[in-house]
Amino acid sequence: MSIRIYNTLTRRKELFTPLEPNHVRIYVCGITSYDYCHIGHARSALAFDMIVRYLRYRGYTVTYIRNFTDIDDKIINRAAEQNTTTEELADRFIREFYIDMDGLGIDRPTLEPKATAHINEMIDLIAELIDSGFAYQSGNDVYYSVNSFPEYGKLSGRNLSDMQAGARVSINEQKNNPMDFVLWKGSKPGEPTWDSPWGPGRPGWHIECSAMSRKYLGNTFDIHGGGQDLIFPHHENELAQSEGANKAPFVTTWIHHGFVTIRDEKMSKSLGNFLTIRDIVKQYHPEVIRFFIFSTHYRNPLDFSETAMQDATAGLDRLYSCVAAIDCLTAAGDLNVPSLISKKDRVKLTSMEERYQQAMDNDFNTAQAQAILFDTAKILNKIEQQLTENSSPEDVHFLRDTLVVFKKLAGIMGLLQEDAVTYLRQKKAALLEGLDIDELTIEAMIKERNEARGVRDWARSDQIRDRLLAKNIELKDGPEGTAWVIKRNQI
RNA sequence: GGCGGCGUAGCCAAGUGGCCAAGGCAGUGGUCUGCAAAACCAUUAUUCAUCAGUUCGACUCUGAUCGCCGCCUCCA
């Protein structure tokens, strides 16, 4: 039993074996900090949060590095627009980033280095590249020479001649080859600068990840991740820099996740169709967002829609309802009563964890993992419904034990982490706020109706029920009395 | 133009060379109920874009065709 991961570099699923037994080193490209994060950033952070949690669950020690790009063109431009410094702008949006990520319950990586705190490491790396002939100075800039690295293009599956035929590369007189990319940019007036052997300037985008990953994870490490759009040019260039400088393989396994789309289009600022995390969190519980994100395999596109979020809400509620039902059981039955759990169901429940692992071992198939949770919930519900007052306490214990594992497995995706009864109650309270009726009124009307029902005055009883229904309150009469819910489709 | 991916029931979405093609949402039937609703249970694809081929056997492998998407410029 071991984990198989799809590796972008080899374009196939491979058995995952860390370089150092039981220790996984992983580097993920984080945000460029100049704006609020959108749902795509959430997918990225959540995907790797899940991957790291699963690796830890499988017994690995994980060193997880995720950087902040806090200096680049976009930051400089945005800071100028807002009449502030790049430092202030970047720091501000890093704080906003944490608000969003914490809200989604995302675990902090081991270390979150900032580019500007590693200028010296970048300068060292650039100097090494120049010394060994992979880079050259031209004017005040330093460029990486793609022709010096014969394997250039191996990650993205391109070759230099094809790319030049595409000819969307801007012609720059200072470059030897149009595909050469900048390692160090000579400063322009008004921009933040750092001193370097090539004059004052600032680093190019790709070099920071090569420098920081080397510092914290070494020349070669296990996993490098990011969005599919980073494969080219960002990761291709990182690879060329790191392997050029280190004379060692850069990364064993490259993991790239798919995009979040809206109406099947990629989110982009130019289309104006991007949604920020905080817009969505206003409307949906963080676990609903997680449920939605993990309902599709991480490499596939994921289309955001109102319907999809409602489906996710319904699904999560179903799981929570199951947990709540088991949580509320009391184990005060008769030990002499034989178990009513069938052998088949017992096997299904005890094999849950193994089946979950099989799903997750297969390239972190969270969609399948969720199916196993639902499968389990169905059986738990069935048994829970069959229990009577004098059922064997052993049965209740068995359900509870299963539930402990159930919650643990759901927790890898960050689901079912709240107390189920509280979750459902808070949800109800939140919904109630949007209605022009309060809980006391509802309770009073229910009491009145039950008095009517007591004397079999069905007309009056139904009238009260209809009045509540007009307020979107639905009643459910059960053996324990009358409960009420808010109509789901009125959300 | 180059590279890569996708096309599975009303919608979403797994899957594997060979037991009945997971699961969710919606729908339908049942249990429950004074009647309901909710909840729970059950049920819903002779078929996996199309057409060929490989194979004893393909949704799963190969090729072609049609359609959709992404990257090649900053991008999760």
Side-chain angles (χ1 to χ4, degrees), chain A residues 8 11 28-32 34 37-48 69 72-74 77 153 156-159 161-170 179 205 225-234 236 256-261 264-270 274 291-292 295-297 299-303 305 307-308 310-316 318-319 321-322 325 355 359 362 365-378 381-386 453 456-458 461-462 465-466 468-469 473-479 482-489:
Chain A
T8 307
R11 262 150 282 208
V28 173
C29 289
I31 58 159
T32 298
Y34 74 107
C37 289
H38 55 63
I39 176 76
H41 295 115
R43 186 181 197 187
S44 178
L46 284 167
F48 290 104
T69 298
D72 93 322
D73 288 346
K74 292 189 295 294
N77 294 337
S156 53
R158 295 148 206 258
N159 61 61
S161 49
D162 287 345
M163 283 188 277
Q164 280 155 38
R168 276 220 272 173
V169 184
S170 62
M179 292 305 297
W205 175 34
Q228 276 167 358
D229 50 352
L230 295 182
I231 297 170
F232 191 90
H234 184 53
E236 190 71 60
H256 292 97
H257 65 261
F259 298 123
V260 179
T261 57
D264 292 321
E265 276 181 318
K266 184 182 169 182
M267 279 192 290
S268 80
K269 308 228 160 163
S270 53
F274 70 97
F291 186 98
F292 163 68
S295 65
T296 298
H297 183 83
R299 273 190 288 110
N300 291 144
L302 175 61
D303 198 50
S305 69
T307 314
Q310 275 165 18
D311 283 1
T313 306
L316 184 64
R318 184 173 159 83
L319 294 180
S321 301
C322 170
R355 289 182 291 127
N362 183 14
N365 193 333
T366 53
Q368 199 169 44
Q370 283 188 347
I372 289 156
L373 296 181
F374 278 108
D375 224 37
T376 304
K378 180 177 285 193
N381 283 332
K382 187 173 74 181
I383 298 166
E384 186 269 331
Q385 291 267 316
Q386 286 166 359
R453 292 175 76 216
R456 307 179 77 81
D457 182 355
W458 307 128
S461 161
D462 289 354
R465 187 173 65 198
D466 290 345
L468 281 168
L469 196 60
I473 303 297
E474 277 178 341
L475 300 185
K476 39 193 268 194
D477 298 323
T482 301
W484 56 274
V485 294
I486 294 154
K487 269 173 83 171
R488 180 173 288 162
N489 60 4

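Letters A, B, ... are given to chains in the order of the sequence lines, protein chains preceding strands, and every chain is numbered from 1.
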**Study point:** B:A36 base / A:R465 side chain donor-acceptor hit below 3.5 Å
**Key:** yes
**Study point:** Distance-only donor-acceptor test (3.5 Å): side chain A:S461, base B:G34
**Key:** yes
Check your understanding: Going by an N to O cut-off under 4.0 Å, is there a salt bridge joining A:R465 and A:D462?
Key -> yes
What integer number of Å spans the [atom1] atoms of [N] and [M]?
| N | M | atom1 | result |
| --- | --- | --- | --- |
| B:U46 | B:A52 | C1' | 22 Å |
| B:A45 | B:A9 | P | 12 Å |
| B:C32 | B:A37 | P | 14 Å |
| B:C68 | B:A39 | C1' | 40 Å |

Could you state the atom-to-atom distance from [atom1] of [X] to [atom2] of [N] in whole Å?
| X | N | atom1 | atom2 | value |
| --- | --- | --- | --- | --- |
| A:R11 | B:G70 | CZ | P | 20 Å |
| A:K266 | B:U73 | NZ | P | 12 Å |
| A:I473 | B:A37 | CD1 | C1' | 13 Å |

Point to revise | pi-stack flag for A:W458 and B:G34, centroid dist under 5.5 Å, interplanar under 30° | key: yes
Under 4.0 Å, heavy atoms only, any strand: does [X] hit a base, just the sugar-phosphate, or nothing?
| X | value |
| --- | --- |
| A:L230 | sugar-phosphate |
| A:H257 | base |
| A:D462 | base |
| A:L475 | base |
| A:H256 | nothing |
| A:G227 | sugar-phosphate |

Revision key, fill the gap. Under a 3.5 Å limit on both distances, the Watson-Crick or wobble mate of B:A58 is none
Point to revise | Identified pairing partner of B:C32, criterion: Watson-Crick or G-U wobble below 3.5 Å | key: none
**Study point:** Closest listed nucleotide, where the reference is the side chain of A:Q385 and the choices are B:C40, B:G70, B:G15
**Key:** B:C40
Practice item. Tell me which nucleotide among B:G34, B:C25, B:C72 gets nearest to the side chain of A:R453. Key: B:G34
Practice item. State whether A:R318 places a side-chain N or O below 4.0 Å from either non-bridging phosphate oxygen (OP1 or OP2) of B:G24. Key: yes
Check your understanding: Below 4.0 angstrom from OP1 or OP2 of B:A14, is there any side-chain N or O of A:N300?
Key -> yes
Practice item. First locate atom OG1 of A:T8, then atom CD1 of A:I231, and finally report the distance between them rounded to the nearest 0.5 Å. Key: 5.0 Å
Review point. Is the count of non-hydrogen atoms from other residues, nucleotides or ligands lying under 6.0 Å from A:R456 atom CZ greater than 12?
Key: no
